Amino acid sequence: MTREEALDSVKANVENENLVRHMLATEAIMRALARRLGEDEEEWGLTGLLHDIDMELTGADMRSHSKLGADLARELGASEAIAHAILCHNEAHGVPMETKLDKALFCADPLTGLITTAALVRPDKKLAGLEARSVIKKFKEKSFAAGVNRQQISLCSEIGLELGEFIELGLVAMQGIAADLGL
Ligand SMILES: [Fe+2]
């Protein structure tokens, strides 16, 4: 499966533009993580790009969300490693995370929301001028983007990154595709 095919499939299954953007942002962070960790950038990118492909099909029903997603990814020709990461990024299934790829997706997923919200509260609503230290400060403010799971983001330590480095890597990755994200 090429990246183009994966994106076409995402767009065919997801109408909500913000959800597509969330997957593009997750892809960008996963690619940056793969480069940082010396992992397979294409595989990690596809994992991020596809991870919520079933969100509208399952109506966000957490009992089926990510099970269907893993099946769809397999049908598209994704590796078993990608399907596993997608499956276990939803804790509702009780499937334990095993690989670095599993853990990377799990902690990258909520980071997109923190960074997006940090951009949207700026006067220009843009990512360009946003600094990592500002996002780190907002991470510590529990009332800011309160729905963002800080504990989940903090699991970056399990793939060998300190929180500050992870947030900066995620911010730079998202800034690199700011136009695609509308930010
Ligand atoms: Fe997600």
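In each ligand, atom 1 is the first atom listed, and ligand 1 is the first ligand listed. Model, not experiment: these values are computed from the prediction. Hydrogens, waters and symmetry mates are skipped; everything else that's a heavy atom, side chains included, is used. Throughout, residue positions are numbered sequentially from 1 according to the sequence presented.
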Please, which pairs that meet ring pair (Phe, Tyr, Trp, His ring centres under 6.0 Å) have at least one residue in residues 100-152, sequence neighbours excluded?
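Output for this query is empty, none listed.
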
Only pairs at least two apart or in different chains count here, so list each ring pair (Phe, Tyr, Trp, His ring centres under 6.0 Å) that has a residue in residues 42-85.
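Qualifying pairs: H22-H51, H51-H89, H65-H89.
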
Does E17 have any side-chain contact (heavy atoms from CB on, under 4.5 Å) partners at least two apart in sequence or in another chain, and if so, which?
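Checked E17 against side-chain contact (heavy atoms from CB on, under 4.5 Å); matches are R21.
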
Protein N/O/S atoms closer than 2.8 Å to the Fe ion (ligand 1)
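Metal shell, protein only: H22 NE2, H51 NE2, D52 OD2, D109 OD1.
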
Look up atom CE in M23 and atom CG in L50, then write down how far apart they are to the nearest 0.5 Å.
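So the CE of M23 and the CG of L50 are separated by 8.5 Å.
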
Identified salt bridge (charged side-chain N to carboxylate O under 4.0 Å, His left out) partner of R36 from the options E41, E168, E165:
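Exactly one pass, corresponding to E165.
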
Under a 3.5 Å threshold, yes or no: a donor from one side chain and an acceptor from the other, between T58 and D61?
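Distance-only check fails for T58 and D61.
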
